[in-house]
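One structure is given here, and the rest of the page talks about it.
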Amino acid sequence: MIKPRFISFEGGEGSGKSTQIKLLAKKLAKHGDVITTREPGGTIEAEIIRNLLVKGKKNKWSGVVETLLLYAARKDHIDKVIVPSLKKNKWVLCDRFKESTIVYQGYGKNVDIKLIKKLDKLITENLTPSLTFILDIDPKIGLKRSIRKANTETRYENMSLNFHNKIRKAFKQIAKENKRNFKLINANQDINLIQDIIWNEVTKKIDAKK
Ligand code: TMP
């Protein structure tokens, strides 16, 4: 089910999603209530699952186990935050959502994409953002940015460059396959220019509602 006021941001490590979400939230606030949230996480309980996923040894879990943990966290987040906020007609800006699972666990860790899609349908009833921005960056640049930020959530950062290149390719592929919902943006450019591209897309949605 596609939700008009639900917007997600996707991309590799250090692609600047959280900066862009903050900028967009400020502008959107003139057009209604806005919440910003993230995955994995977004509720106290889902943040506990996040900690398990983003810290520790890179090989501690298989891709399937990660997928199940991610969907447990996602269900909690959807039930407690995303759906109630959408029902109140709020804009929901989410740092990562289901495409991250397709890309990281599916393409990156070889989990059967059919399993992920099945879980998505059964657990989330295919809850889908109406717009997804994919911030594209060369992993060599993105990983440097991400590690510089005194980051302790390094489990995925520590995966090989080959893994991160696969992630980048998969995000680009998804953007190419479905032009309506996805907007691929070069994230290696001025922050304000990126925001202009994002705002231009979002205003189309706002105008469509008038
Ligand atoms: P972040 O770096 O955007 O804060 O996200 C945390 C990490 O979680 C990131 O390295 C990617 C990973 N992740 C997945 O592997 N699958 C998912 O479905 C999600 C939401 C995140």
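As the structure lists them, so they are numbered: ligands from 1, and atoms in each ligand from 1. Note that the structure is predicted; figures quoted are calculated from it, not measured.
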Check if Lys17 has a non-hydrogen atom at a distance under 4.0 Å from any atom of ligand 1.
yes

Those residues at least two apart in sequence (or on a different chain) that pass salt bridge (Lys or Arg N to Asp or Glu O under 4.0 Å) with Lys140 are none

Could you tell me whether Phe9 and Phe97 have their ring centroids closer than 6.0 angstrom?
no

Give the atom numbers and elements of ligand 1 that come within less than 4.0 Å of a heavy atom of Gln105.
14 (C), 15 (O), 16 (N), 17 (C), 18 (O)

Contacting atoms of ligand 1, where contact means under 4.0 angstrom from a heavy atom of Glu39
20 (C)

Take Asp138 and Asn188, measure what side-chain contact (heavy atoms from CB on, under 4.5 Å) needs, and give me the verdict at the end.
CA-CA 8 Å; Asp138 182 337; Asn188 193 23; over 6 Å; no

Nearest non-hydrogen contact to atom 4 (O) of ligand 1 from the set His77, Lys109, Arg50 belongs to Arg50

Note: Leu53, heavy atoms under 4.0 Å from ligand 1, region reported as neither

Side-chain contact test, heavy atoms from C-beta onward, threshold under 4.5 Å: evaluate it for Trp61 versus Leu69 and give yes or no.
yes

Test of understanding: given a 4.0 Å heavy-atom threshold, classify the contact between Leu70 and ligand 1 as side chain, backbone, both, or neither.
side chain

Salt bridge check: are Lys183 and Glu10 linked by an N-O gap of less than 4.0 Å?
no

Under 4.0 Å, heavy-atom basis, I'd like to know which part of Pro40 is in contact with ligand 1: side chain, backbone, both or neither.
both

Honestly, for Glu13 the part within reach of ligand 1 (heavy atoms, under 4.0 Å) is side chain

Residue, atom name and distance, where the atom is the protein heavy atom closest to atom 5 (O) of ligand 1:
Arg96 NE, 3.1 Å

With a 4.5 Å cut-off on side-chain heavy atoms, are Thr36 and Val92 touching?
no

List every atom of ligand 1 that sits less than 4.0 Å from any heavy atom of Val54, numbering the atoms from 1 in the order shown and giving each element.
6 (C), 7 (C)

Does Asp120 offer a backbone N or O that forms a donor-acceptor pair with the side chain of Thr124 under 3.5 Å?
yes

Could you list which atoms of ligand 1 come closer than 4.0 Å to a heavy atom of Thr101?
17 (C), 18 (O)

Are any non-hydrogen side-chain atoms of Leu28 and Trp199 less than 4.5 angstrom apart?
yes

Find all atoms of ligand 1 within a distance of less than 4.0 Å from any non-hydrogen atom belonging to Arg74, and give their numbers and elements.
18 (O), 20 (C)

Residue, atom and distance of the protein heavy atom nearest atom 19 (C) of ligand 1 read Ser100 CB, 3.5 Å

With no hydrogens and no angle check, is any side-chain donor or acceptor of Glu99 less than 3.5 Å from a backbone partner on Arg96?
no

